[in-house]
Amino acid sequence: MTGDPRLHNALRNLSQAGRVYVVLSTKGGVGKTTVAVLLALHASRRLKAGLMDADLTNPSTHILLGIDPSAVKYREEKGIEPYRINGLRYVTMAAYTGEKPLPLRGREAGEALRELLAIVKWGPLDILLIDTPPGVGDEHLDLLYSLKNIVRPLVVATPSVLSVRSVARLIQLLREAGYGWIGLVENMGSGVLQGEPLLQGADYLGYIPFTPG
Amino acid sequence: MTGDPRLHNALRNLSQAGRVYVVLSTKGGVGKTTVAVLLALHASRRLKAGLMDADLTNPSTHILLGIDPSAVKYREEKGIEPYRINGLRYVTMAAYTGEKPLPLRGREAGEALRELLAIVKWGPLDILLIDTPPGVGDEHLDLLYSLKNIVRPLVVATPSVLSVRSVARLIQLLREAGYGWIGLVENMGSGVLQGEPLLQGADYLGYIPFTPG
Amino acid sequence: MVHEWALAESIVNYLVDQGLRRIRVLRLRLGLLQGVDKEVLLFSLREVASMQGVEIGEVAVEDEEPVLKCNTCGYTWSMPASALSDEEREAVHFVPEAIHAFTRCPRCGSRDFTVVKGRGVSLVEAVPG
Amino acid sequence: MVHEWALAESIVNYLVDQGLRRIRVLRLRLGLLQGVDKEVLLFSLREVASMQGVEIGEVAVEDEEPVLKCNTCGYTWSMPASALSDEEREAVHFVPEAIHAFTRCPRCGSRDFTVVKGRGVSLVEAVPG
Ligand SMILES: Nc1ncnc2c1ncn2[C@@H]1O[C@H](COP(=O)(O)OP(=O)(O)O)[C@@H](O)[C@H]1O
Ligand SMILES: Nc1ncnc2c1ncn2[C@@H]1O[C@H](COP(=O)(O)OP(=O)(O)O)[C@@H](O)[C@H]1O
Ligand SMILES: [Mg+2]
Ligand SMILES: [Mg+2]
Ligand SMILES: [Mg+2]
Ligand SMILES: [Mg+2]
Ligand code: NI
Ligand code: NI
Ligand SMILES: [Zn+2]
Ligand SMILES: [Zn+2]
């Protein structure tokens with residue numbers, strides 16, 4: 001862990017959040033946000049579940065949850081408490097920036113995420129889903145390397161050649177970083193990725209069919 | 001223009017490249033790479049056309065072009081000369097890093113792009129397409145603000161609510177930055193975005209239907 | 001207790017993880033952009049430290065005025081708090097980078113700028129002993 | 001002419017855009033990671049300057065050994081050129097950030113590191129006159 005005190009607090013805060021899944025894909029548009037929201041909502045029916053939108057410059061979980069970001073308020077209690085939507089604990093940068101564009105250089109996106117990770121008190125949770133922007137930038141490097149002992153990577157891929165080739169590189173990176181378990185969710189597909197040789201380094205969890213609308 | 005000499009050379013190099021289009025979308029998976037490659041191939045039949053893959057950490061234009069990145073070599077001539085695929089002049093970071101993962105923090109992605117923009121001699125071109133990663137990071141801020149007088153934004157959107165809402169923010173950002181012309185390409189759609197009120201700030205250019213395979 | 005508590009926790013937990021349990025002098029820099037309440041921060045620091053069994057002697061806090069620099073035209077300017085609405089100031093209080101949604105370069109209007117000084121709380125030095 | 005020409009062009013074009021057409025002393029730092037050929041760079045600099053009507057007096061070049069720092073465990077190390085294959089060295093010669101595809105932190109294996117010193121060519125100072 002490097003010299004940033006916020007990462008040291010992030011470790012404590014996230015260790016209260018049960019199983020912490022970072023929803024990832026080097027590719028955009030494969031369904032990270034959709035999978036993160038679906039899993040969080042599903043989990044929140046039976047478990048204490050949380051959802052964090054770490055796609056700070058282009059947050060879209062609030063759109064899938066159908067809520068207006070200006071309605072999202074956090075109570076201050078030795079940090080900030082997530083917003084409650086029925087049972088789901090929810091944190092998004094959009095609560096602060098609404099629908100305004102937030103162009104950030106990578107370093108600043110990393111700073112903003114570290115700040116949130118340091119101050120959000122998830123309180124006792126069973127499971128936390130963290131939605132991320134596409135690619136592997138500052139946010140991902142902090143989560144995947146500096147918080148390695150606390151997060152579980154959940155990779156989302158579609159059956160398209162572009163997505164498979166680029167997710168294969170991501171899985172290689174995660175294996176090399178020492179991740180024993182790498183969850184793989186096939187989205188907008190029908191199970192073809194289960195046998196996909198390029199993705200054998202991951203633990204195939206199942207597929208979500210293409211469901212328009 | 002700030003104090004980075006490389007941006008000053010980028011200005012000269014890009015001014016030799018005719019109309020320079022930056023293919024953009026805050027969303028991933030909307031078809032930036034597909035549109036950039038299609039337009040570049042189409043243009044290269046009649047015009048001197050170039051394609052630059054500025055998605056340095058997750059390059060995929062070489063996959064759509066069907067070429068092995070290790071075959072892409074640049075001749076040195078007062079800088080580097082783009083690789084030729086029939087008539088198309090082509091530059092990709094994958095020529096240097098192949099299929100290896102290249103996790104870069106935003107600052108480093110910006111550094112690498114500035115380095116390429118400073119040394120690539122596009123030579124007289126009629127048109128250059130620059131494919132970019134999703135979002136608005138260091139690469140985009142350099143292209144859209146520091147090289148504002150030389151680039152034309154080409155925004156790609158799909159009819160989905162997530163894409164429309166997030167592209168609307170991008171268009172607002174571009175208008176505010178003073179871009180009079182903002183090209184909008186509807187991909188995987190059938191023309192519905194032409195009348196979309198949220199996207200009125202852009203110049204609708206047409207749509208590419210969903211064509212599987 | 002307000003959120004400054006978590007800012008104090010970050011510092012104490014960092015010290016704990018570095019095995020620094022007795023500090024003679026703790027030097028902090030307080031970037032004013034974040035508008036952190038200094039008294040509450042120092043109070044929280046004492047409380048959290050004692051809860052974690054960390055002894056801190058003197059705490060020296062250096063305020064730092066915010067300086068923003070435009071990456072497009074090079075212009076630098078200081079960010080008076082008055083330039084923000086209450087809601088914007090609160091957002092920046094929790095996540096200083098929210099400033100990029102509220103402010104542009106006064107000279108060229110670019111949103112590509114960097115907070116080069118005065119962002120928020122930072123640990124400058126922890127002198128053991 | 002090799003690609004160092006374009007590195008020289010960047011410096012001269014920057015000076016031209018700043019209206020600095022007569023330079024008494026030009027101070028450059030040459031980060032050795034990029035493995036730039038100093039003689040060719042200086043030769044190109046003279047040629048491009050004369051072509052652009054820029055007069056440069058003395059050129060002072062300071063070499064800088066590369067230092068890499070791991071953002072995960074804090075380890076710092078210097079990057080001997082021998083650690084790279086020919087192909088990798090060439091890639092780094094053109095785009096130093098390619099290093100992130102070829103190297104990992106020797107202590108913890110992380111790919112999250114920063115080239116804190118010695119990346120490549122940088123303009124330190126241009127003393128007019
Ligand atoms: N299983 C699915 N069936 C149909 N459309 C889907 C499915 N999953 C995602 N989508 C659509 O695909 C687009 C991209 O999804 P999103 O979750 O935003 O991807 P990402 O977060 O990876 O960019 C959205 O318009 C979403 O509605
Ligand atoms: N018009 C289209 N019809 C069908 N599939 C498309 C179309 N355009 C793009 N795709 C597919 O959608 C996925 C995302 O396209 P891509 O160009 O990689 O988007 P981006 O570069 O914006 O992430 C790819 O699998 C691509 O093959
Ligand atoms: Mg998403
Ligand atoms: Mg990125
Ligand atoms: Mg793409
Ligand atoms: Mg980014
Ligand atoms: Ni507070
Ligand atoms: Ni060279
Ligand atoms: Zn400016
Ligand atoms: Zn390390």
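The basis for the numbers below is simple: all heavy atoms, side chains too, and nothing from hydrogens, waters or symmetry mates. Protein chains get the first letters and strands the later ones, always in sequence-line order, with residue 1 at the start of each.
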Would you say [atom1] of [X] has more than 12 non-hydrogen atoms from neighbouring residues, nucleotides or ligands within 6.0 angstrom?
X        : atom1 : value
D:Arg107 : CZ    : yes
D:Lys117 : NZ    : no
D:Phe94  : CZ    : yes

Residue, of [options], that accumulates the most heavy atom pairs under 4.5 Å with chain B:
options                     : value
D:Ile99, D:Val95, D:Val48   : D:Val95
D:Arg111, D:Glu90, D:His100 : D:His100
D:Glu97, D:Glu87, D:Glu88   : D:Glu97

Measure distances from [X] to the heavy atoms of chain D and classify the residue's part below 4.5 Å as side chain, backbone, both or neither.
X        : answer
B:Glu76  : both
B:Pro103 : both
B:Arg12  : side chain
B:Ile119 : both
B:Arg75  : neither

Per-residue contact mode, [X] against chain B (heavy atom under 4.5 angstrom):
X        : result
D:Phe113 : backbone
D:Val92  : neither
D:Gln34  : side chain
D:Ser122 : neither

Do B:Leu128 and B:Leu51 make a side-chain contact, defined as non-hydrogen atoms from C-beta onward lying under 4.5 Å apart?
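No; the side chains remain at least 4.5 Å from each other.
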### Message
Any non-hydrogen side-chain atom of B:Leu154 less than 4.5 Å from a side-chain atom of B:Leu39?
### Response
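Yes, side chains in contact.
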- Query: Among B:Met93, B:Glu115, B:Arg6, B:Glu77, which has the most heavy-atom pairs under 4.5 Å with chain D?
  - Reply: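 Counting heavy-atom pairs under 4.5 Å, the top option is B:Glu115.
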* To do: Flag the one option from B:Arg105, B:Lys121, B:Arg107 with the top tally of heavy-atom pairs under 4.5 Å to chain D.
  =>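 Among B:Arg105, B:Lys121, B:Arg107, the one with the most close pairs to chain D is B:Arg105.
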Passing candidate, side chain to side chain contact (heavy atoms under 4.5 Å, CB included) with D:Glu4, options D:Leu42, D:Val121, D:Val36 =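 Filter result, single survivor: D:Val36.
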query = Any luck finding a side-chain donor-acceptor pair between B:Asp131 and B:Thr33 under 3.5 Å?
reply =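 Per modelled atom types, B:Asp131 and B:Thr33 side chains form a pair under 3.5 Å.
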Q) Should the pair B:His8 and D:Tyr14 be assigned to parallel (<30°), tilted (30 to 60°) or perpendicular (>60°) ring geometry? A)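 Perpendicular: the ring planes of B:His8 and D:Tyr14 meet at over 60°.
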Residues D:Asp112, D:Arg104: salt bridge by 4.0 Å N-O rule
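No, D:Asp112 and D:Arg104 are not salt-bridged.
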